[in-house]
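A short worksheet on the structure shown next.
In listed order, ligands and their atoms are each counted from 1. Every heavy atom of this structure was used, including side-chain atoms; hydrogens, water molecules and symmetry mates were not.
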Amino acid sequence: MFPLLPALDAVPDRTAVRFGERSLTYAELAVAADALAARIGGAGRVAVWATPSLETVVGVVAALRAGVPAVPLNPRTGERELAHIVADSAPSMVLAAPGTELPTALQELVRIDVTPAGTGGRRPAEVPPDSPALVVYTSGTTGPPKGAVLPRRAIAATLDALEDAWGWTADDVLVHALPLFHVHGLILGVLGPLRRGGEVRHLGRFDAAGVTRELTAGATMLFGVPTMYHRLAESLESDPSLVKALAGARLLVSGSAALPVHDHRRITAATGRGVVERYGMTETLMLCSSSPADARPGGEPRPGTVGVPLPGVDLRLVDEAGGEITAYDGESVGEIQVRGPNLFTEYLNRPDATAAAFDGSWFRTGDMATRGADGHVRIVGRKATDLIKSGGYKIGAGEIENALLEHPAVREAAVTGEPDEDLGERIVAWVVPTDPEQPPELAELADHVAGLLAPHKRPRVVHHLAALPRNDMGKIMKRDLKHG
Ligand code: MCA
Ligand code: AMP
């Protein structure tokens, strides 16, 4: 299973990573990363200012080579959330591209400018498999985001399971435009190709033209969230070159949220092939995937399902009473619980939350599903209604409510998610204004939340109410809001 990134030393002349005109071969990446590794070796933890750039890749690979846990930061994080992540993860250094301006919350840290052309390092010794590789922050139902500590073995295990399931090889060239501070874009989208010895081309930002260009110029795989596939599906009718590009890809893979059946069918109707759906979580990395064979032209894609558990993943469904559901009937709904080498080790500084997340050795995903006779898992909902998936980002209603309550024009607030064709779900704020004559506008509240937390957590709709519906205990009745 180890080393984690064997290709760095094995295929020096191949292209490893490309961002627009800038690229690095494996040899160049190894030299740059080892030069940086020599400078950060011994640091307790390093933060990486994770812009979509070569510098982020060099920074993360350097940390992995040095055995220093890296904390990838969303460069758009607002001040409150950033302060929390920095205080919680306590990095001693921050790695950033030269010339990038860093917010005040990071200015106390030693800053190291990452250069993709550094030299003078030595190949560090391999690091034990159970040591932490990354700390990735993820939202929960309440409170600020928690740092999921991901060990090296989990990364290796998940990438090797995907290699098996997808026939992923060094000849694959992956194109994507995902952010590099989450599991999908960073672990699958960057470390995946790097572990295999293949190439990753990052588009910088997502658009159909970039996808068409790269798939037409030799890329073999596309990774995206359902919002991206929705946007591609919207473009298909008017864009024959996109149809051809998607039809010619070896694999189209969607994950991070459910791919709507309608979009999946539109893509199949236009291109003759299906999308491989895979299911995972920050804490567990990848859990299930549908089969590439079913998605091939002439195959039978199964829209609405996420396939079967990946090699090495133990998966069970548990009913409300805590009993295991053994039926493969496509009807009995239970919570997905999992175990395997792909799991995180803990939430940083949160033994309480870590303990609550497990039932013995089984991790409780909070996702509710059925299993068909063919073993295919169909996710039907989530245990917690206070978690919202928007654009593939997981967002806790509670963190947005807390941010809204800090706005002087907001007296009371509740947040819900409602269906959105493009984003899957959109964030809706229900606000009781401090002054009913001057209720806060959507733009003002959106800027407020984006500035404190992150732009993707901003509300897209605001409703002003005279009072929030509450039960006898004073608890907000969110179901009444949704139907109101
Ligand atoms: C708008 N913007 C603002 C504001 N309003 N900025 C500050 N304040 C405001 N009030 C900016 C946004 O930052 C953005 O900037 C632009 O306006 C448009 O934003 P938005 O409409 O929100 O998004 P989008 O650009 O349309 O993006 C859709 C997207 C994105 C590309 C699909 O949602 C995305 O990248 N999603 C990926 C999420 C992901 O990777 N999830 C994985 C986690 P600008 O235009 O400059 O960018 S889940 C995971 O890892 C698990 C393991 C799994 O299973 O995968
Ligand atoms: P995150 O914590 O951001 O890593 O998001 C993990 C959650 O995303 C899971 O618990 C699921 O609810 C959801 N998710 C990921 N992939 C899929 C998928 N293919 N279908 C449905 N939901 C998904």
Just to confirm, does any protein heavy atom lie below 4.0 Å from [atom]?
atom: atom 13 (O) of ligand 1; answer: yes
atom: atom 16 (C) of ligand 1; answer: no
atom: atom 46 (O) of ligand 1; answer: yes
atom: atom 4 (C) of ligand 1; answer: yes

For [atom], state which one of [options] supplies the nearest heavy atom.
atom: atom 49 (C) of ligand 1; options: Ser254, Ser256, Ala257, Ala148; result: Ser256
atom: atom 48 (S) of ligand 1; options: Lys389, Lys457, Glu444, Arg426; result: Lys389
atom: atom 40 (O) of ligand 1; options: Gly451, Ala443, Gly255, Pro179; result: Pro179
atom: atom 24 (P) of ligand 1; options: Arg205, Arg231, Met228; result: Arg231
atom: atom 37 (C) of ligand 1; options: Gly391, Ala454, Gly189; result: Gly391

- Item | Plane angle bin for Tyr393 and His456 - parallel if under 30°, tilted between 30 and 60°, otherwise perpendicular | parallel

- Mind telling me whether Phe223 and His176 have parallel, tilted or perpendicular rings, with 30° and 60° as the class edges? parallel

Decide, yes or no, whether a salt bridge links [X] with [Y] under the criterion of side-chain N to carboxylate O below 4.0 Å.
X: Asp420; Y: Arg460; answer: no
X: Asp359; Y: Arg316; answer: yes
X: Arg266; Y: Glu421; answer: no
X: Glu81; Y: Lys457; answer: yes
X: Lys478; Y: Asp386; answer: yes
X: Arg80; Y: Glu399; answer: no

- Pair Glu283-Arg350, salt bridge (charged side-chain N to carboxylate O under 4.0 Å, His left out): steps then yes or no: CA-CA 14 Å; Glu283 292 89 334; Arg350 295 293 308 274; over 6 Å; no

- Any side-chain donor paired with an acceptor under 3.5 Å for Ser289 and Trp166? yes

- Message: Under a 3.5 Å threshold, yes or no: a donor from one side chain and an acceptor from the other, between Ser361 and Arg339?
- Response: yes

List the closest protein heavy-atom neighbour of [atom]: residue, atom name, distance to the nearest 0.1 Å.
atom: atom 52 (C) of ligand 1; result: Met281 C, 3.4 Å
atom: atom 21 (O) of ligand 1; result: Arg460 NH1, 3.3 Å
atom: atom 54 (O) of ligand 1; result: Arg278 NH1, 2.8 Å
atom: atom 8 (N) of ligand 1; result: Ala450 CB, 3.3 Å
atom: atom 19 (O) of ligand 1; result: Arg458 NH2, 3.8 Å
atom: atom 30 (C) of ligand 1; result: Tyr393 CE1, 4.0 Å

- Message: Any side-chain to backbone donor/acceptor pair from Arg378 onto Glu331? Under 3.5 Å, distance only.
- Response: no

At a 4.0 Å threshold, what atoms of ligand 1 neighbour a non-hydrogen atom of [X]?
X: His184; value: 42 (C), 50 (O), 55 (O)
X: Met286; value: 52 (C)
X: Val183; value: 50 (O), 52 (C)
X: Thr282; value: 52 (C)

Compute the shortest N/O to N/O distance between [X] and ligand 1 and return yes if it is under 3.5 Å, no if not.
X: Gly392; result: yes
X: Arg76; result: yes
X: Asp447; result: yes
X: Thr227; result: no

- Task: Could you please spell out the steps behind the side-chain hydrogen bond (donor to acceptor under 3.5 Å, both in side chains) verdict for Glu277 and His264?
- Result: CA-CA 10 Å; Glu277 262 215 81; His264 197 164; 4.8 Å; no

- Verify salt bridge (charged side-chain N to carboxylate O under 4.0 Å, His left out) between Asp160 and Arg196, making sure each step is shown before the conclusion. CA-CA 9 Å; Asp160 292 353; Arg196 297 278 80 84; 3.0 Å; yes

- Partner set under ring-ring contact (aromatic ring centres under 6.0 Å, His included) for Phe358, not counting sequence neighbours: Phe344, Phe363

- Is atom CD of Glu324 surrounded by more than 12 heavy atoms (other residues, nucleotides or ligands) closer than 6.0 Å? yes

- Message: Heavy-atom count check: over 12 atoms from other residues, nucleotides or ligands less than 6.0 Å from Glu441 CD?
- Response: no

- Message: For ligand 2, give me the residues whose heavy-atom distance to it is below 4.0 Å, by chain and number please.
- Response: Thr138, Ser256, Ala257, Ala258, Glu277, Arg278, Tyr279, Gly280, Met281, Thr282, Val306, Asp367, Ile379, Lys389, Lys394

